[in-house]
Amino acid sequence: MIKKIGFKLILAVGITTIVTVGVYSYYNIQSQNEVLLSEVERHANQLSETVKKSTRYDMLANRRESIHNIINTIGEDNYIASVRVLNKEGEIIYSSNPNDIGLMVDKKTESCYACHAADQPLQRLSIPERTRIFKPHPDSASVMGVINPIYNEKSCWEAECHAHRPEQTVLGVLDVTISLKEVEQQITASQIKVVLYAIFAIISLSLIIALFVKRWVDKPVNELVKATNQVAVGNLNYMIKNSSKDELGSLANSFNNMTKKLSEMRMQLFQSDKLASLGQLAAGVAHEINNPLTGVLTYSSYLQKRMKDNPEVLEDLNVIVRETKRSREIVKELLDFARQSTPKKSLLDINETIDRAVAVVANQLKIIHINLEKKFDPNIPKITADGNQIQQVFLNLLVNSIDAIGENGGTITISSSIIRLSPYGITQIKNATCSNGHSLIDNKHNIEGFASIKLRANLNGNEGFIYLDPIYGKQRNHYDILVMKNHSVHLSCPECKVSLVDINQRCPECGSTRYNIIIPDNGVLEGCTRLDCHWQKWDFIDSGGKQKFVEIKFADSGCGISKENLNKIFDPFFSTKGQKGTGLGLSVIWGIIDNHDGKISVESEVGIGTTFTVRLPIGNT
Amino acid sequence: MKNKTDILLIDDEKVIIDSVHKIAGLENWTVNATEDASIALKKFDLDNYRLILCDIMMPIIDGFQFLTELKNRGIDTPVIMITGFSTNANAVKSLYQGAIDFIPKPFTVDELLCITKRGLKYGELIKNCQKSLDLNVPNGFLTIPPNYYRLGWTSWAYIENTGTVLIGATFFFTKTTGGIERIELLDVGKQIFQGDPCSVVKTEKECLYNIQSPISGKIIEKNEKLFEDIKLIENDPYREGWIYRIIPNNLEYELKFLISFSTDKS
């Protein structure tokens, strides 16, 4: 919980809120305090002045009783703690508290301290200096005291009582103290309010943040973690759904993309792995089986020699020898498959090859009433191919068709024709140079078995090499530098470092600069320097039009292949024939056609029939 | 021929040893067999053999290592390789390393008999040559022109000025098969591959022998004269007895597995 990213975010936001709101609240309370106290101070001064003025006349007339009355009346107010008048000697003459009258006040008490702090008593005080806040007893509420000196004036020394002489400056002090209990209560109340508000703010902010963190961070991150775990245990079909449009969303999209690619690659790897291990298996089996076969063949042919006088036994022996020789051929074919032997190519007439394959099964076709239709294009040029292998392909396809039709009869249609396909994604670049004529072809680095085009690349100062897919338009490039989205790379010749980039030309798709690679005698290959753009153009080949292929179709009216089996039929050992077939046929066919740079595809509908389409390139050679 | 066993057989498979024993019995050949090539090497100290039959794929020491070891020790007993994994690469390698022929498993009695006879004859031929003339210029009147390359002792290739290559069977081949009666040739236009049989000869004794092609290429001409006079291949194997004229596919690479006749002389 503590280690969760959401919790950490909430914690960080919470602490920030606490600090901000705390500082704000502190100064808020402080300023409220000041405002309140200054208001009280003003009020106290006013009161003090009022008392002084309202007693002035009685003072002059020396009506002591009246002064007592006024002071007592004012002192009755709850929030006024006391009203006292002190004479110059410090004796309390009037007080709202009758017990104080006649008491002497020390110079160091709060009422006197302001003026008597220094050795020589001050005679004049500014208003803020007259007020002070103190606690009469340590556990009582604070009070604010205001001292108001009563100055000598002419009317005083001319009054009838002659109590004061004219030389005196200060006659006494009016000391008013006001209780701050209520003010303090107010302050405390507002402090509580502010603290409550602060707590509320912190909690609500954290909750809101928590909510959004959960929605924008927690959920997608959890989803990503879940997806990563799924991928880790091998479920490469797991996709993150409903990704948002923010960074985490694009992370999720990248993740999906990556898993998809990974899954495709695993499929390819799996397929080639299967073929490779099958090859090893086949080689092992062939080698092992050849030894016992030698035993059978030598002993049976030995007996054959010795049994020349016994025709009956000889006949049986002939069967053994013949069948063992047949086994030998089968093992040889298995070995051929294991080696994925490079085709022994020669110029081949496709129609003739089909006829030869048909001839092998002609009898079988007659017996089970299969009607064979041939729709050959007589103008198909000879192609470079391994005649035996291609014939094996056709024969296998024919046998498959016959098996699919079964014993009830049906039709097999074989057609051949010339088709044209776009060279994009098919043509191999076999020669490429920079403008100084250095070859860019790297035989050491192959992409899907073909020598790649090696270029020096510079992306934001990162130097490295890029291996371009030599198949025009395929772009299964290999990079040994970090490729960044939306960044152009600078490309140069690995040998002479001459730039391959043409800054005057722009990619029609993304507007980045283009690279130009010279294909000797075959024009120029142009491409986009933004590696994630994948735009490529090869005018020379494009203008030559589409490439020619021979297309051979084997269509039968057989039982058809179900959808789920359709994409498995080229897998080694996949068979629907049960005991009848070994299941090697179609994967071998696939291998042969692939070796000839051709393509094989299948369409089928259960109950209607199956069509296999083989395409072989008609090369210039 | 005192103390001389006819055949030394090296194969790690019991049934092959039994088969060879049985077949050799038909011709009264003596056979000494071992399952381990390292033991076979020791046997040379005690015995002498006329012919060695050796499997390629064996544990510890394989057939190719065995051939190298023989060469190092200067043993010139002819070797015929037997293999359950017959590829043209294995064939080329065997012939290049000094084996005189190559027989894939499984074989019939006749196939083994014929090839063994040829092997034994080869041994005799070497012995006679050593007695009389230089090994590489056998038979006095047969001078070998320069620029000839051979695949083992079976076939030769001659690079013509036009870039085409003439191929044929060596003197050793025709001499060891003996009495060639008929030759089967492939059609013009066919592709042939280095190490793969490109022609089959049939002898008076009903034996069939493969001629492994020294070079891969496309046949542009076959020697029709051979059909009129088959003896040309025996009497003038390097000139009038040529077999095919081909356009080579990958001459430069394949020459690495051929031995120049001129290096033999020096």
Side-chain angles (χ1 to χ4, degrees), chain A residues 279-280 282-308 317-318 320-349 352 382 384-389 621, chain B residues 9 11-27 35 53 55-58 62 82-90 103-114 186-198 206 213 216-220 246-247 249-250:
Chain A
Q280 278 175 345
V285 166
H287 184 229
E288 288 307 316
I289 225 163
N290 272 338
N291 284 323
L293 268 185
T294 311
V296 177
L297 193 55
T298 48
Y299 276 76
S300 53
S301 55
Y302 179 77
L303 275 178
Q304 228 179 359
K305 276 194 178 305
R306 288 186 49 182
M307 288 292 163
K308 280 200 169 130
L317 279 171
N318 287 344
I320 297 177
V321 171
R322 192 187 69 217
E323 291 307 303
T324 315
K325 280 184 177 170
R326 214 179 114 200
S327 309
R328 169 164 87 174
E329 293 310 306
I330 293 169
V331 172
K332 205 167 166 280
E333 273 167 35
L334 197 64
L335 267 175
D336 279 341
F337 167 74
R339 280 199 301 273
Q340 293 275 324
S341 59
T342 46
K344 300 173 181 178
K345 287 180 183 170
S346 56
L347 278 180
L348 189 74
D349 184 323
E352 209 181 287
K382 288 191 172 183
T384 311
D386 182 318
N388 290 330
Q389 287 193 352
T621 49
Chain B
L9 171 68
D11 198 305
D12 57 336
E13 192 66 27
K14 190 78 171 53
V15 72
I16 306 289
I17 294 175
D18 290 346
S19 304
V20 173
H21 269 291
K22 220 152 193 139
I23 295 165
L26 290 171
E27 297 281 332
E35 295 178 21
L53 295 177
D55 191 14
I56 290 182
M57 281 209 213
M58 289 181 296
D62 71 15
I82 311 174
T83 182
F85 195 77
S86 63
T87 62
N88 50 347
N90 271 349
I103 179 167
K105 285 181 198 171
F107 41 79
T108 62
V109 171
D110 288 332
E111 283 164 358
L112 189 73
L113 283 178
C114 290
L186 295 171
D187 291 336
V188 169
K190 287 270 186 216
Q191 281 281 338
I192 54 175
F193 295 88
Q194 187 179 41
D196 265 10
C198 65
E206 297 285 304
S213 172
S216 305
K218 191 169 143 188
I219 301 170
I220 52 166
I246 63 165
I247 297 172
N249 285 351
N250 200 356

*Considering non-hydrogen atoms only, spot the tightest contact between B:Val109 and A:Lys305 and give its length.*
CG1-CE, 3.7 Å
*Select, from B:Gly189, B:Gly84, B:Pro104, the one with the greatest count of heavy-atom pairs under 4.5 Å involving chain A.*
B:Gly84
*Give the member of B:Ile82, B:Asp110, B:Asp11, B:Leu112 that has the highest number of heavy-atom pairs under 4.5 Å with chain A.*
B:Asp110
*Could you list which of residues 324-331 of chain A have a heavy atom closer than 4.5 Å to any heavy atom of chain B, in residue-number order?*
A:Lys325, A:Arg328
*Can you list the residues that meet the side-chain contact (heavy atoms from CB on, under 4.5 Å) rule with B:Lys14, with sequence neighbours excluded?*
B:Asp18, B:Glu35
_Listed partners of A:Thr298 passing side-chain contact (heavy atoms from CB on, under 4.5 Å), at least two apart_ = A:Thr294, B:Ser19, B:Ile23, B:Phe107
*Which pairs count as salt bridge (Lys or Arg N to Asp or Glu O under 4.0 Å) when at least one residue sits in residues 292-301 of chain A, sequence neighbours excluded?*
none
*In Å, rounded to the nearest 0.5 Å, how long is the span from CE of B:Met57 to CD of A:Glu288?*
9.5 Å
*If you measure from OG1 on A:Thr384 to NZ on B:Lys218, what distance do you get to the nearest 0.5 Å?*
8.0 Å
*Answer with side chain, backbone, both or neither: which region of B:Leu26 has an atom nearer than 4.5 Å to a non-hydrogen atom of chain A?*
side chain
*For B:Leu113, is it the side chain, the backbone, both, or neither that has a heavy atom closer than 4.5 Å to a heavy atom of chain A?*
side chain
*asked:* Against B:Pro106, only a single residue in A:Leu293, A:Asn291, A:Ile289 fulfils side-chain contact (heavy atoms from CB on, under 4.5 Å); can you say which?
replied: A:Leu293
*Considering only heavy atoms, which portion of A:Tyr302 lies under 4.5 Å from any heavy atom of chain B: side chain, backbone, both, or neither?*
both
